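Just so you know, these numbers come straight off a predicted model, no measurement behind them.
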There are 2 protein chains.
Amino acid sequence: MSTLEDLTKSLKQAGLRLTPQRLAICKLLVETDSHPTAAMIYESIRAQYPSLSLTTVYNTLETLADLGVINVLGHSGDNTVHYDANITPHVHLACIACHKIIDVPSLHVAFLNDDISAVSGYKLLGARLIYYGLCPSCQKRNYQ
Amino acid sequence: MSTLEDLTKSLKQAGLRLTPQRLAICKLLVETDSHPTAAMIYESIRAQYPSLSLTTVYNTLETLADLGVINVLGHSGDNTVHYDANITPHVHLACIACHKIIDVPSLHVAFLNDDISAVSGYKLLGARLIYYGLCPSCQKRNYQ
DNA sequence: TATCTAGTTATAATCATTACAAATTTGGAA
DNA sequence: TTCCAAATTTGTAATGATTATAACTAGATA
Ligand SMILES: [Mn+2]
Ligand SMILES: [Mn+2]
Ligand SMILES: [Zn+2]
Ligand SMILES: [Zn+2]
């Protein structure tokens with residue numbers, strides 16, 4: 001799990017400024033475990049920075065992803081990209097009904113990593129390990 | 001790996017017709033190993049069915065995905081959804097430069113599945129296991 | 001044949017994301 | 001401190017994949 005220092009250091013080391021907007025976005029990313037989208041981040045921070053623009057959120061997320069300190073998850077059935085400050089490969093569980101994404105621990109991820117690294121010939125930059133289905137509460141709701 | 005019969009049977013069992021368009025899309029899906037997008041499928045089949053519409057491709061893919069006989073992969077950095085007729089959970093390697101997606105065999109996927117199934121409490125419907133990075137030829141190209 | 005319906009098609013609408021240019025802020029030079 | 005160039009942010013417009021809509025077609029049924 002990246003810390004706030006990880007993110008801010010990597011910005012500085014890349015010669016980029018730590019603006020209030022970037023800092024707020026970084027803070028939110030490391031403090032949440034909800035795998036937010038750009039729009040969610042924008043809505044959360046708008047209260048503190050009323051002048052914040054959605055473009056800045058997208059730009060900052062792209063910058064952090066390019067630096068390799070956050071992970072870009074794909075869609076969870078909702079046509080929006082989710083982000084994760086936890087860049088150690090780990091498994092996600094996405095509900096196709098309510099679109100929540102949670103982490104699932106599994107020891108086998110580490111073995112999987114070793115396999116892929118050894119076999120692929122690719123220069124690996126990250127992973128998106130996503131199982132999807134219906135979360136317990138959405139299962140109930142569907143049967144009512 | 002789903003066969004053509006798997007796809008056509010599941011369409012019939014759901015009371016849906018096996019139209020020429022649907023058949024052509026199913027054939028392409030089971031014959032390719034390239035994880036095509038809706039647009040790629042449309043372009044491939046247009047020669048045989050000049051009247052084919054992109055909407056039909058999208059509709060058919062959604063139908064097959066809802067039936068659970070094809071898998072919806074996320075983006076590979078190209079902002080387009082990729083599809084896979086191989087619904088047994090397996091690992092993908094996506095190149096962020098040329099956007100090709102290949103399969104990678106690993107025994108640990110089976111163990112991972114067992115873990116997730118046992119622990120989650122979710123009703124699991126599928127998985128997207130994607131590592132991304134630079135493929136060997138794009139690595140060369142970047143260093144020239 | 002006449003009718004009904006699932007499916008297809010063409011077209012338009014949606015909306016997340018990206019591109020662009022003007023305005024603002026910043027850190028450093030003078 | 002004051003000024004300046006560069007970096008960054010912002011508001012707005014453009015893009016493009018996907019989805020919605022409604023007219024049309026084909027194929028089954030009676
Ligand atoms: Mn996570
Ligand atoms: Mn595959
Ligand atoms: Zn749910
Ligand atoms: Zn490549």
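- In this structure, B/Arg128 fails the cation-pi test against A/Tyr131, since its NZ or CZ atom is not both closer than 6.0 Å to the six-membered ring centre and inside 45 degrees of the ring normal.
- Using a 4.0 Å heavy-atom cutoff across all strands shown, A/Ser51 reaches sugar-phosphate atoms only and no base atom.
- Each of D/dT18, D/dG11, C/dG7 was ranked by its minimum atom distance to the side chain of B/Thr19; first place goes to C/dG7.
- Note: CD (A/Gln21) to P (D/dT9) measures 5 Å, nearest angstrom.
- Grouping the Ile, Leu, Val, Met, Phe, Trp and Tyr side chains by contacts below 4.5 angstrom, directly or via other members, places A/Phe111 apart from B/Leu93.
- Side-chain proximity of A/Arg22 to the nucleotides C/dA6, D/dT9, D/dT18 is greatest for D/dT9.
- Under the 4.5 Å side-chain heavy-atom criterion for ILVMFWY residues, a single connected hydrophobic cluster contains both B/Leu52 and B/Leu16.
- A heavy atom lying under 4.0 Å from DNA chain C marks the following residues of residues 55-64 of chain B, by number: B/Thr55, B/Thr56.
- Of the candidate nucleotides C/dT17, D/dG27, D/dA7, D/dG27 has the atom nearest to the side chain of B/Arg17.
- Checked against C/dT26, C/dA16, C/dG7, the side chain of A/Thr80 finds its nearest nucleotide in C/dA16.
- The separation between A/Tyr42 atom OH and D/dT9 atom C1' is 12 Å, rounded to whole Å.
- Comparing B/Pro50 and B/Gly15, the nucleotide of DNA chain C nearest to each residue sits closer to the 5' end for B/Gly15.
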